Amino acid sequence: MSDANLATPFRDRAGAALKDTFLQEALTIATTKFIALRREAFGEFPEGEALRDRAKAIKEATLGRLDHYLEQLIEAVEARGGHVHYATTPEAARAIIVDIARQAGARTVVKTKSMATEEIELNEALLAAGVTPVETDLGEYIIQLAGERPSHIIAPAIHKTKGQVAELFARELRHEVAADPEVLTRIARAELREKFLQADMGVTGANFAVAETGTVVLVTNEGNGRMVTSLPRVHVAVMGVEKVVPSMTDLVVFLAILARSATGQKLSSYTTLVQGPRARGEVEGPEAFHLVLLDNGRVAQIAGPLRESLACLRCGACLNVCPVYRQIGGHAYGYTYPGPIGILLTAMQHGPESVRDLAHASSLCGACLDACPVRIDIPRMLVELRREVDERRLAPWPERAIFGLLGRLLGRPALYRLAAPLARAFQLPFTRGRTIRRLPFLLGRWTRTRDLPAVAPRTFTERWPELAREDREP
Amino acid sequence: VTSRPEFLARIRAAVARAPARPAGLRAARPAAPAAAAEIIRRELSERWPETLERFRREFERVGGILYRVASSREVPGIVGGIARERDARRLVTWHPGALGVDVAADLAAEGLAVEVMPPADLEDAAGQAALRRVVASADLGLTAVDLAVAETGSLVLLSGYGRPRSTSLLPPCHVAVFDRTALVESLAQLGVFLEAWHADGAPPWRGGAINVITGPSRTADIELTLTRGVHGPREVHAIFVESPLRG
């Protein structure tokens with residue numbers, strides 16, 4: 001990963017985020033609002049629970065015959081005159097898209113927000129090839145102007161305040177304006193309208209692709225998905241192989257839960273279904289359509305431990321409810337995909353060594369599982385990742401040594417009974433009330449950002465005879 | 001470069017390696033989608049007033065404005081009123097064959113500069129570029145509606161002959177005209193029509209895009225403050241005509 005951010009350890013990135021008061025305020029406002037919107041949307045939608053089960057079943061059934069559905073998709077796209085490309089790695093995907101741009105003689109490329117193109121770092125590759133990529137989602141546009149990366153799957157500029165955006169526009173666009181979202185949006189509209197009309201090529205992701213009909217489905221609120229697929233001469237859609245759904249009947253099941261989970265809307269403003277290039281008799285729409293199918297670690301997980309995470313719709317609901325994400329925001333994770341699902345996707349794309357620390361960036365509270373529209377058991381997979389990190393001896397040795405000792409202690413009752421009084425004596429100088437605020441030496445790292453509950457005056461085993469007696473004599 | 005056979009072979013191998021899992025319950029697909037869509041239409045034609053009311057509620061919730069008129073003769077007056085309130089003069093409209101009603105002359109009489117979209121392909125690139133400039137500078141875009149989904153307050157528009165994608169996208173104000181035959185209850189019913197449009201019920205004029213439009217263009221990317229009209233229209237109006245348009 002080229003992110004310079006990764007040079008600092010996760011602990012320090014998280015620490016810096018916690019001290020950033022702007023970020024803290026922005027995160028609290030945004031995630032609290034997202035949570036309320038989602039809760040309200042499902043509260044008035046009792047059918048939602050059954051639809052979530054159904055959506056999960058569709059994803060599972062599709063994965064079970066993914067080769068078949070992809071073949072169907074490819075044939076349907078080609079039957080409509082589209083071209084399909086196959087990318088095993090991000091490098092391959094970049095090369096394919098740069099090549100399409102070159103052959104089309106494209107100078108400017110307009111883009112919709114797409115995590116897949118973030119994942120393959122397409123913008124850098126286009127720039128290197130002399131093609132100017134223009135992000136057109138307002139949040140992505142802001143991020144691009146600032147030279148940053150998105151910090152949330154659906155709200156990329158969630159970490160910026162309107163004041164910061166106004167300063168950015170003043171600097172980059174020479175528009176001195178008030179810090180008013182309405183005014184800022186109007187400026188972006190005018191700037192980007194010209195780009196839409198002039199661009200030679202449009203690049204999008206895909207929220208879904210319908211196998212039977214060869215349809216790529218884009219969900220946007222701003223309408224940029226429609227612009228990008230209607231105005232330029234060439235449309236390139238980049239999608240992870242897991243985004244395929246069998247039929248239109250299956251598609252509407254996902255539509256009913258996606259926007260509700262993401263923004264609390266029943267549907268986003270625009271659900272755009274595009275099938276290949278413009279059809280005969282149409283005065284607009286692209287003359288050429290390309291679909292790039294992306295593997296990048298996904299195929300290996302069809303039979304791997306992270307299989308369930310291939311059902312992810314990229315709605316962002318698990319980020320909003322995660323107590324860790326809500327504290328540190330997206331950038332501290334250091335990779336393209338933040339939040340609980342992001343840890344799994346990072347492991348999928350960069351291997352378990354990349355999540356040595358991130359696998360622990362979760363309290364395993366289960367809020368992500370509850371919020372996930374397709375009920376991905378994220379906590380289960382995080383625990384498995386932790387096990388893998390341990391088995392591969394990826395963690396630093398003091399950590400492994402301490403947890404090794406603790407494991408042996410907890411597994412032997414006799415030893416534990418001996419150790420409890422020792423621990424009580426040892427903790428005495430560090431304990432205030434029932435918590436340990438600060439431990440000495442190396443152990444101090446643990447207590448620098450958290451309290452540790454003190455060992456109780458009496459263990460449960462010591463209290464048990466007494467408790468049992470009380471129970472018998474009410 | 002990975003070839004299609006190589007790419008698919010790796011996926012096939014992975015699928016074969018994965019342990020079999022129990023399949024959950026999936027949605028049932030209509031066996032004959034065009035017939036199923038027709039049945040939905042016939043059933044709803046009896047109780048369209050309730051469906052329309054539900055549509056109104058949801059459409060207004062997402063920021064749409066609904067008008068109800070007795071016949072298509074009243075459409076130009078409504079559109080003229082919308083235009084006058086906004087000082088709008090330039091209107092682009094789908095071809096009358098796609099719109100279901102020919103209102104160009106009456107709209108011109110309302111004082112609007114009307115540009116009618118061509119019925120089929122403009123082969124020359126210059127013509128297409130000129131057309132785009134006209135649409136990009138228009139104040140109002142007038143279209144028909146292929147389906148109005150009550151559950152979500154959505155307007156579904158198929159692209160095709162005489163029905164460009166940009167009419168409902170580039171002008172800051174979108175006005176759509178529909179009648180009872182467009183009304184459906186739910187997303188599940190929309191699914192049946194989507195099946196039909198891609199099978200035996202595909203209209204001969206259908207293009208490459210289907211748009212499900214739910215309210216105006218919006219964003220909340222700056223501090224989650226809702227702002228309208230970021231790239232698409234700021235306003236969406238729908239005119240319901242009681243007497244069937246193609247009656």
Side-chain angles (χ1 to χ4, degrees), chain A residues 29-30 33 53-54 56-58 60-61 64 66-67 70-71 74 86 88 92 138-139 155 157 161-162 165 181-182 184-185 189 192 197 213 221-224 226-227 230 247-250 252-253 255-256 266-267 269-279 281-285 299 302-303, chain B residues 1-4 7-8 10-12 14-15 17-18 21 23-27 29 118 120-122 128 131-132 136 151-152 154 159-161 164-166 169 187-188 190-191 194-195 198 205-219 221-225 227 229-232:
Chain A
I29 293 171
K33 200 157 170 182
D53 292 333
R54 196 161 269 189
K56 188 180 178 68
I58 295 168
E60 188 49 52
L66 190 65
D67 50 336
L70 281 176
E71 210 160 356
I74 294 161
Y86 308 91
T88 307
L138 179 60
T161 62
K162 58 189 179 222
V165 177
E182 183 88 26
L184 295 166
T185 302
R189 176 186 169 105
L192 289 169
L197 292 170
T213 59
N221 268 318
E222 301 182 359
N224 55 332
R226 298 188 59 190
M227 295 279 190
S230 300
S247 71
M248 288 289 173
T249 299
D250 296 316
V252 293
V253 172
L255 293 182
K266 288 188 175 172
L267 282 183
S269 296
Y270 301 107
T271 304
T272 304
L273 287 70
V274 289
Q275 214 183 5
R278 75 169 67 171
E282 280 194 283
V283 292
E284 38 178 45
V299 172
I302 293 171
Chain B
V1 185
T2 312
S3 72
R4 169 178 161 174
F7 196 80
L8 286 177
R10 287 188 50 240
I11 295 174
R12 200 166 296 125
V15 166
R17 259 201 325 276
R21 276 150 224 255
L25 190 64
R26 282 174 56 196
R29 294 183 63 186
D121 204 356
L122 285 173
Q128 286 175 10
L131 189 73
R132 177 177 296 184
E151 179 189 342
T152 55
S154 306
S159 77
Y161 294 6
R165 309 167 187 205
S166 60
L169 181 63
L187 287 176
L190 167 63
L194 287 172
E195 294 267 1
H198 291 86
W205 44 260
R206 190 170 76 77
I210 299 173
N211 274 293
V212 182
I213 301 173
T214 309
S217 158
R218 52 178 263 176
T219 186
D221 275 350
I222 302 175
E223 290 196 0
L224 255 65
T225 307
T227 311
V230 52
H231 294 309

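This one's a predicted model, so the numbers in the text were calculated from it and none came from an experiment. Naming convention: chains lettered A, B, ... in sequence-line order (proteins, then strands); numbering from 1 in each chain.
When every heavy atom of B/G229 is checked against every heavy atom of A/R189, the shortest pair comes out as O-NH1, 2.9 Å. Across B/R218 and A/S269, no two heavy atoms sit closer than the pair CG-OG, 3.2 Å. Considering all non-hydrogen atoms of both residues, B/D221 and A/A155 come closest at OD1-CA, 4.3 Å. Heavy atoms only, all atoms of each residue included: B/S159 and A/E282 are closest at OG-OE2, 2.6 Å. Contact between A/A279 and B/G207 at its shortest, heavy atoms only, is CB-CA, 3.7 Å. Smallest separation of non-hydrogen atoms from A/V274 and B/A209: CG1-CB, 4.1 Å.
Atom CZ of residue B/R10 and atom OH of residue A/Y86 lie 14.0 Å apart, to the nearest 0.5 angstrom. For the atom pair CG of A/L70 and CZ of B/R4, the computed distance is 10.0 Å after rounding to the nearest 0.5 Å. B/T219 contributes atom OG1, which lies 3.5 Å from atom CD of A/E222 (distance to the nearest 0.5 angstrom). Interatomic distance, CZ of B/R165 versus CZ of A/R278, reported as 8.0 Å (0.5 Å rounding). Note that the OG1 atom of A/T185 and the NE2 atom of B/H231 stand 9.5 Å from one another [nearest 0.5 Å]. Remark: A/L273 CG to B/H198 NE2 distance equals 6.5 Å, nearest 0.5 Å.
With chain B as partner, the option from A/L66, A/I29, A/V165 having the largest number of non-hydrogen pairs under 4.5 angstrom is A/L66. Highest contact tally toward chain B, considering only A/P181, A/G139, A/G223, is held by A/P181 [criterion: heavy-atom pairs under 4.5 Å]. Highest contact tally toward chain B, considering only A/A256, A/S247, A/A157, is held by A/S247 [criterion: heavy-atom pairs under 4.5 Å]. The greatest number of non-hydrogen atom pairs below 4.5 Å with chain A, out of B/V1, B/I213, B/L190, B/T225, is found for B/I213.
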- Task: Any chance you could lay out the salt bridge (charged side-chain N to carboxylate O under 4.0 Å, His left out) test for A/E71 and B/R12, step after step, and finish with the verdict?
- Result: CA-CA 11 Å; A/E71 210 160 356; B/R12 200 166 296 125; 3.5 Å; yes

- Task: Just do the side-chain contact (heavy atoms from CB on, under 4.5 Å) check on B/T227 and A/L138 with the steps written out, would you?
- Result: CA-CA 11 Å; B/T227 311; A/L138 179 60; over 6 Å; no

- Message: If you apply the rule side-chain contact (heavy atoms from CB on, under 4.5 Å), what do you find for A/K266 with B/T214, and how did you get there?
- Response: CA-CA 9 Å; A/K266 288 188 175 172; B/T214 309; over 6 Å; no

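In terms of the side-chain hydrogen bond (donor to acceptor under 3.5 Å, both in side chains) criterion, A/T271 has no residue partners (sequence neighbours excluded). Partners of A/T213 under the side-chain hydrogen bond (donor to acceptor under 3.5 Å, both in side chains) rule, at least two apart in sequence or in another chain, are A/T215.
Contacts between A/V299 and chain B at a heavy-atom distance below 4.5 Å involve backbone atoms as well as side-chain atoms. For A/L192, the part lying under 4.5 angstrom from a heavy atom of chain B is the side chain only. For chain B, the nearby part of A/A61 is the side chain; its heavy atoms alone come within less than 4.5 Å. Looking at B/S154, the atoms closer than 4.5 Å to chain A (heavy atoms on both sides) all sit in the side chain, from C-beta outward.
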